[in-house]
Every structure is written in C-alpha cells, then in structure tokens.
Amino acid sequence: MKFRLYQLFYLAALALGSVTLFKPLMYFIEPSGEVVKVTNFSLLAEDGSSSSAVIALGVVLIVVAVLELFTLLVSMFSNFELLKRCTILSMLLLAGYYILVLIYSLTASGDASVDMEMPILFPFVGLAFNAVAFMLVRRREAKIVAQALGFRLR
C-alpha cells in the first residue's frame, strides 16, 4: 500500500484541529481592565468564574476531528466517492466553525476589545488542507479512470 499525498493533508488537518481544541482562541479585554479568556469549551474570567456558552465550538471541532480520522481511514481503501463526500462535509463544518466564532465574538464582546491568538487560524489552515486534498483525490480518481478507459479501448 502506498502512502498518498492527500493522506498527509488529512493527517495535517486532523493534527491542527486537535491542537486547536486545547489552546485559547481569544481574549476579551473589558474597558475596566478585566480579561476574559475564550477557549473552545468555555469563557474564563480573571475572577475564576466560567461559562460554557461557547461549548458548540468544541463540539464542532470534535466532530471535525472524528470525521478527519474516518476520512483518513477510508483513504486507505481508495473509495474516492466517500473521500470526496467526507472532505466536503469537513470543509462545511470548518466553515460553520468560523461562523460560530464570529457569532460568539460579536455577542460576547460587547464593548470589549478582542485579542486573537494564533490557534484561531489553525482550522482555517485545516480547511485549506482539505481543499487541496479534495483536488488531489479528484486528480487521482481521474488518473485511474483514464487508465481504465485507455486499457479498454485497445
């Protein structure tokens, strides 16, 4: 069994999504000086209080990670239709993740300033990796079909 390039992209997207789960995404700095840390599962204030209002962010990333792992396992069997469908679903979920981040940041920030951290970009890079993997899967499928058709015409 050969290791394909698109499998590497699926693995990289899985790793980036997993890292994002455990890192803080952004900080809200209130005008009074209070800092609220936003993770994928909670809002943590300096005084120790927390709110799990943003738990949907973590749930979406867990679903994406499970889907990426499933896609990586399916890629070993070269089921290109299922690969393309799983990749599209993963890309849609990652786009939905950013819509949720935008909604939560607009509703929770109020008049606070927002300080973004680097891990908030990791799902976007994973989205780009999924897009590249989708193109590579399509290219590989087209190459196999072209070889099969060329063999039949002779």
Side-chain angles (χ1 to χ4, degrees), residues 1-29 35-45 50-110 112-150:
M1 181 178 77
K2 278 184 152 180
F3 191 74
R4 302 282 179 206
L5 185 59
Y6 56 83
Q7 291 172 330
L8 182 65
F9 281 112
Y10 289 137
L11 189 62
L14 175 64
L16 286 173
S18 299
V19 167
T20 306
L21 274 172
F22 304 109
K23 299 288 184 178
L25 299 177
M26 62 184 95
Y27 293 97
F28 294 136
I29 304 167
V35 177
V36 177
K37 180 172 73 169
V38 179
T39 64
N40 281 305
F41 295 103
S42 64
L43 299 167
L44 302 170
S50 67
S51 169
S52 60
V54 293
I55 198 165
L57 294 175
V59 170
V60 169
L61 278 182
I62 288 173
V63 170
V64 168
V66 168
L67 185 62
E68 290 287 340
L69 184 62
F70 176 73
T71 306
L72 188 62
L73 293 174
V74 167
S75 70
M76 293 180 198
F77 300 106
S78 298
N79 186 347
F80 295 116
E81 285 301 316
L82 188 56
L83 272 175
K84 289 189 294 187
R85 289 177 183 167
C86 288
T87 305
I88 290 170
L89 181 60
S90 178
M91 289 190 301
L92 288 174
L93 285 172
L94 286 172
Y97 174 80
Y98 277 107
I99 291 170
L100 283 175
V101 166
L102 180 67
I103 289 170
Y104 285 138
S105 64
L106 290 177
T107 58
S109 67
S113 62
V114 179
D115 183 23
M116 301 282 184
E117 293 295 312
M118 185 61 90
I120 202 162
L121 296 177
F122 292 167
F124 183 74
V125 176
L127 179 69
F129 284 165
N130 276 325
V132 171
F134 182 76
M135 294 299 175
L136 290 173
V137 166
R138 285 183 51 203
R139 182 179 296 156
R140 179 75 182 144
E141 181 185 24
K143 188 184 292 185
I144 289 173
V145 168
Q147 287 175 350
L149 290 177

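Not measured: the values here are computed from a predicted model.
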* Does atom OH of Tyr104 have more than 12 heavy-atom neighbours, drawn from other residues, nucleotides or ligands, at distances under 6.0 Å? -> yes
Which heavy atom in [X] sits nearest to a heavy atom in [Y], and how many Å separate them?
{"X": "Lys23", "Y": "Asn40", "value": "O-ND2, 4.4 Å"}
{"X": "Ala112", "Y": "Phe28", "value": "CB-CB, 4.2 Å"}
{"X": "Leu21", "Y": "Gly58", "value": "CD2-O, 3.8 Å"}
{"X": "Leu16", "Y": "Gly126", "value": "CD1-N, 4.1 Å"}

Measuring from atom [atom1] of [X] to atom [atom2] of [Y], what distance do you get when rounded to the nearest 0.5 angstrom?
{"X": "Leu89", "Y": "Phe70", "atom1": "CG", "atom2": "CZ", "result": "10.5 Å"}
{"X": "Thr71", "Y": "Tyr6", "atom1": "OG1", "atom2": "OH", "result": "11.5 Å"}
{"X": "Arg85", "Y": "Leu67", "atom1": "CZ", "atom2": "CG", "result": "13.5 Å"}
{"X": "Phe41", "Y": "Leu61", "atom1": "CZ", "atom2": "CG", "result": "7.5 Å"}
{"X": "Leu100", "Y": "Leu93", "atom1": "CG", "atom2": "CG", "result": "10.0 Å"}
{"X": "Gln7", "Y": "Leu14", "atom1": "CD", "atom2": "CG", "result": "13.0 Å"}

Validation row: [X], [Y] side chains within 4.5 angstrom (heavy atoms):
{"X": "Val145", "Y": "Phe80", "result": "no"}
{"X": "Arg4", "Y": "Arg140", "result": "yes"}
{"X": "Asn130", "Y": "Glu68", "result": "yes"}
{"X": "Val19", "Y": "Pro119", "result": "no"}
{"X": "Tyr97", "Y": "Val64", "result": "no"}
{"X": "Leu94", "Y": "Phe129", "result": "no"}

* To do: Scan Leu83, Val137, Leu11 and name whichever one has a side-chain contact (heavy atoms from CB on, under 4.5 Å) with Ser75.
  => Leu83
* Taking Leu25 as the fixed residue, which of Thr39, Leu57, Val114 is the one that meets the side-chain contact (heavy atoms from CB on, under 4.5 Å) rule? -> Leu57
